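Predicted model only: the values in this text are computed from it and were never measured.
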Amino acid sequence: MYRKSFYQFLMTERNPNSSDEVAQFANNAFYDQGFPKQADDYETLSQYLELNGNYLPTMTIFDQAWQMYLEKMN
């Protein structure tokens, strides 16, 4: 079965007019040239965001998006 990368999932959450934190994360990740677009594992994404995700006010937002991703992939 084909599994979407986290980035592909995240792009479905984009909404420039939303104040939702996950939507804002998605909007910002879209403009992040270095985002690991093929990654589908928590560790890789978490490490990248901790070092480069200055647009993410708190890692809790990533954790929330990650849970949404897991639910959608199952």
Side-chain angles (χ1 to χ4, degrees):
M1 189 185 105
Y2 172 72
R3 181 180 166 114
K4 277 185 178 176
S5 72
F6 177 75
Y7 181 81
Q8 287 171 307
F9 158 75
L10 191 60
M11 291 303 100
T12 67
E13 299 298 314
R14 278 182 69 208
N15 180 350
N17 303 317
S18 174
S19 59
D20 178 75
E21 291 177 326
V22 173
Q24 290 299 311
F25 171 29
N27 295 338
N28 290 320
F30 176 73
Y31 294 106
D32 179 354
Q33 297 295 312
F35 197 94
K37 293 179 172 66
Q38 305 308 316
D40 62 1
D41 66 290
Y42 183 88
E43 285 306 312
T44 301
L45 292 156
S46 179
Q47 285 179 352
Y48 175 80
L49 289 166
E50 284 180 20
L51 295 172
N52 306 288
N54 55 349
Y55 51 81
L56 201 56
T58 168
M59 286 300 285
T60 309
I61 299 166
F62 166 63
D63 291 334
Q64 184 185 344
W66 181 256
Q67 277 309 121
M68 292 165 64
Y69 170 64
L70 292 180
E71 287 164 18
K72 207 141 212 178
M73 291 302 109
N74 291 331

Inter-residue atom distance Glu21.CD - Gln64.CD, 0.5 Å rounding: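 Reported value, rounded in 0.5 Å steps: 6.5 Å.
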Nearest-0.5 Å distance, CG of residue Leu10 to CD of residue Gln8: 11.0 Å
Side chain to side chain contact (heavy atoms under 4.5 Å, CB included) evaluation trace for Asn27 with Tyr55: CA-CA 10 Å; Asn27 295 338; Tyr55 51 81; over 6 Å; no
Under 3.5 Å donor-acceptor, Ser5 side chain and Lys37 backbone: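 Yes, the answer is positive, given that a donor and an acceptor are paired below the 3.5 Å cut-off.
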Short side-chain to backbone donor-acceptor contact, Gln47 and Thr44, under 3.5 Å: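 The answer is no, because no donor-acceptor pair under 3.5 Å joins these two groups.
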Phe30/Phe25 under ring pair (Phe, Tyr, Trp, His ring centres under 6.0 Å): CA gap, chis, key distance, verdict: CA-CA 9 Å; Phe30 176 73; Phe25 171 29; over 10 Å; no
Nearest atoms (heavy-atom pairs only) where Tyr7 meets Ala29: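 Smallest heavy-atom distance, with atoms named: CE1-O, 3.8 Å.
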Smallest separation among heavy atoms of Trp66 and Asp41, with atom names: CH2-C, 3.7 Å
Check: Tyr48/Asp32 side-chain N/O donor and acceptor closer than 3.5 Å: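 Side-chain D/A pair, Tyr48 to Asp32: present.
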Short side-chain donor-acceptor distance under 3.5 Å, Thr60 and Asp63: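 There is no such pair (donor and acceptor under 3.5 Å, judged by atom type) between the side chains of Asp63 and Thr60.
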Same apolar cluster (I L V M F W Y, side chains within < 4.5 Å links), Leu51/Ile61: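 In one cluster with Leu51: Ile61, no.
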For Ala23, side-chain contact (heavy atoms from CB on, under 4.5 Å) partners two or more places apart: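 For Ala23, the residues satisfying side-chain contact (heavy atoms from CB on, under 4.5 Å) (neighbours in sequence not counted) are Asn15, Ser18, Asp20.
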Thr12: side-chain contact (heavy atoms from CB on, under 4.5 Å) partners, not counting sequence neighbours: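 side-chain contact (heavy atoms from CB on, under 4.5 Å) list for Thr12, sorted by chain: Lys4, Phe9.
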Identified ring pair (Phe, Tyr, Trp, His ring centres under 6.0 Å) counterpart of Tyr42 within the set Phe62, Tyr69, Phe6: Phe62
